[in-house]
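Chain naming here is simple, since letters A, B, ... match the order of the sequence lines and numbering starts at 1 in each. Computation of the quantities below employed the complete heavy-atom set of this structure, encompassing side-chain atoms and omitting hydrogens, waters and symmetry-equivalent molecules.
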Protein chains: 2
Amino acid sequence: MARPSKIDKDLAVSEAMQAIWSDGYAATSVKAMSERLGITRSSYYNAFGSQEALFKAALTSYAALSPDHVLAEIDDDEPILPLITVMFKTICRVRAEDRHHRGCMIVNALAELAGSHDELGPFLEDWILQSAARLEHLLTIAIQNGELPADTDAHAKALALQASLLGLNTLSKALHSEAELWITAKASLKGLGLFAEAN
Amino acid sequence: MARPSKIDKDLAVSEAMQAIWSDGYAATSVKAMSERLGITRSSYYNAFGSQEALFKAALTSYAALSPDHVLAEIDDDEPILPLITVMFKTICRVRAEDRHHRGCMIVNALAELAGSHDELGPFLEDWILQSAARLEHLLTIAIQNGELPADTDAHAKALALQASLLGLNTLSKALHSEAELWITAKASLKGLGLFAEAN
DNA sequence: TTCATTTTGTACATATATGGACAAAACCAG
DNA sequence: CTGGTTTTGTCCATATATGTACAAAATGAA
């Protein structure tokens, strides 16, 4: 039907994701990414539209692989707390195993772009607020499940949990030991009364 | 003795600090900052040496005004926990009052530069780890003071507290209400058993 | 009023970066 | 093998960005 593309689009998005994760949004310019992908800027614009558009595609690609993806998949009738604990444990492991200690791409992007990029700033702010809202929903379920006391303040705990997530991911850029990260995560979870070993 | 400078150096550093805080390190290029300060790049290099050097000067200028500066000034014989609580409350207030919701300049810089900037990355990582060590020291004092139980795990709590600090500052870029931020901070502090109203 | 000092302004060479315009190329269906 | 479609490659004009080099300017001290 038409001239074939030199590149595999999904693969390119995935490579862009890795680049943005490593170097941030500003450093992965259209010129730089085009050269990295082995295409011209002309093809870049044709395939992805803009740097912002490719960033959003890369974000989706990242989100699917990110440890906190499990939050989106929890069924309302399964135990919540063990999954949250496992998620934190997973974060500690993957952040420590990352040789370049890149932390979380979304948290990095939020720090870089919120307040300075007109389109992506608000987009990322929304993302985080929705993540917090999702946590609050899950904690509410956990209260109904009897996993948490009935008088638990789900709103406050969800926000504190979200802050812990952001903090743990940021901290992982400076603190590279999985054991130390897990000490951090465990203390946060236990403090909030949300720690639960998996069976 | 010599030709006078067009600018006040301290003032320039302070203005650079504001610019970096707003736009990040990459966006405050030598060219951009020179123009903002009304000097030539030639003068910039002469006065500050390099972008990295000006960044470090700006960081010092920022640190002196930052809410967590109180941590450096605590005497070992005064109550620790109320000061930590006040610090968190102050963070919530100043982050919410900042019309541009820039969060914490150091946390932003850590997210932007750790892992990608050869000199400033490790510099910022050190900064955060030393902040965590300072917190651990203060919690140790608090145990000796009797403010905390003798069996308190100062190391774990200090790390969790540091993560909360990082997370709260990052969250403040998306969550702009002082009340909501304070709910977050209070839940974190109470969870860690570190909440203490001031007298 | 000369001299030493430091800052300033201009120039240079080079690299990065943007986004659109337009022709040529490569494919497939009919 | 022709025609429709989409991608590619090249060109354009312009802006940003770096770091150094060197002469000119502005000061205070001797």
Atom CZ of Arg41(A) and atom P of dA21(C) are separated, to the nearest Å, by 14 Å

Does atom CG of Asp118(B) have more than 12 heavy-atom neighbours from other groups under 6.0 Å away?
no

Does any part of the side chain of Cys104(A), heavy atoms only, come nearer than 4.5 Å to the side chain of Arg95(A), both counted from C-beta?
yes

Measure the distance from CG on Leu54(A) to C1' on dT18(C) and round it to the nearest whole Å.
16 Å

Checking His176(B) now: which residues fulfil ring-ring contact (aromatic ring centres under 6.0 Å, His included) with it, not counting sequence neighbours?
His101(B)

Nearest whole Å is fine: how far is dG19(C) C1' from Glu52(A) CD?
12 Å

Would you say Gln51(B) places a side-chain N or O within less than 4.0 Å of OP1 or OP2 belonging to dT18(D)?
yes

Between dA15(C) (P) and Lys31(A) (NZ): distance, integer Å
10 Å

Any sub-3.5 Å donor-acceptor pair from Thr170(B)'s side-chain atoms to Leu166(B)'s backbone N or O?
yes

Side chain to side chain contact (heavy atoms under 4.5 Å, CB included) partners for Asp77(B), two or more places apart
Asp75(B)

Interatomic distance where OH belongs to Tyr25(A) and C1' belongs to dT18(C) [whole Å]
12 Å

Pair His155(A)-Glu180(B), side-chain donor/acceptor within less than 3.5 Å
yes

Does the protein touch nucleotides 1-8 of chain C at the base, only the backbone, or not at all? Give it as B, S and - per nucleotide, heavy atoms under 4.0 Å.
----BBBB

Provide, to the nearest angstrom, the distance between the CD atom belonging to Glu35(A) and the P atom belonging to dT10(D).
14 Å

Atom pair distance, as rounded to whole Å: CZ in Arg36(B) and P in dA17(D)
13 Å

Measure the distance from OH on Tyr45(A) to P on dG19(C) and round it to the nearest whole Å.
4 Å

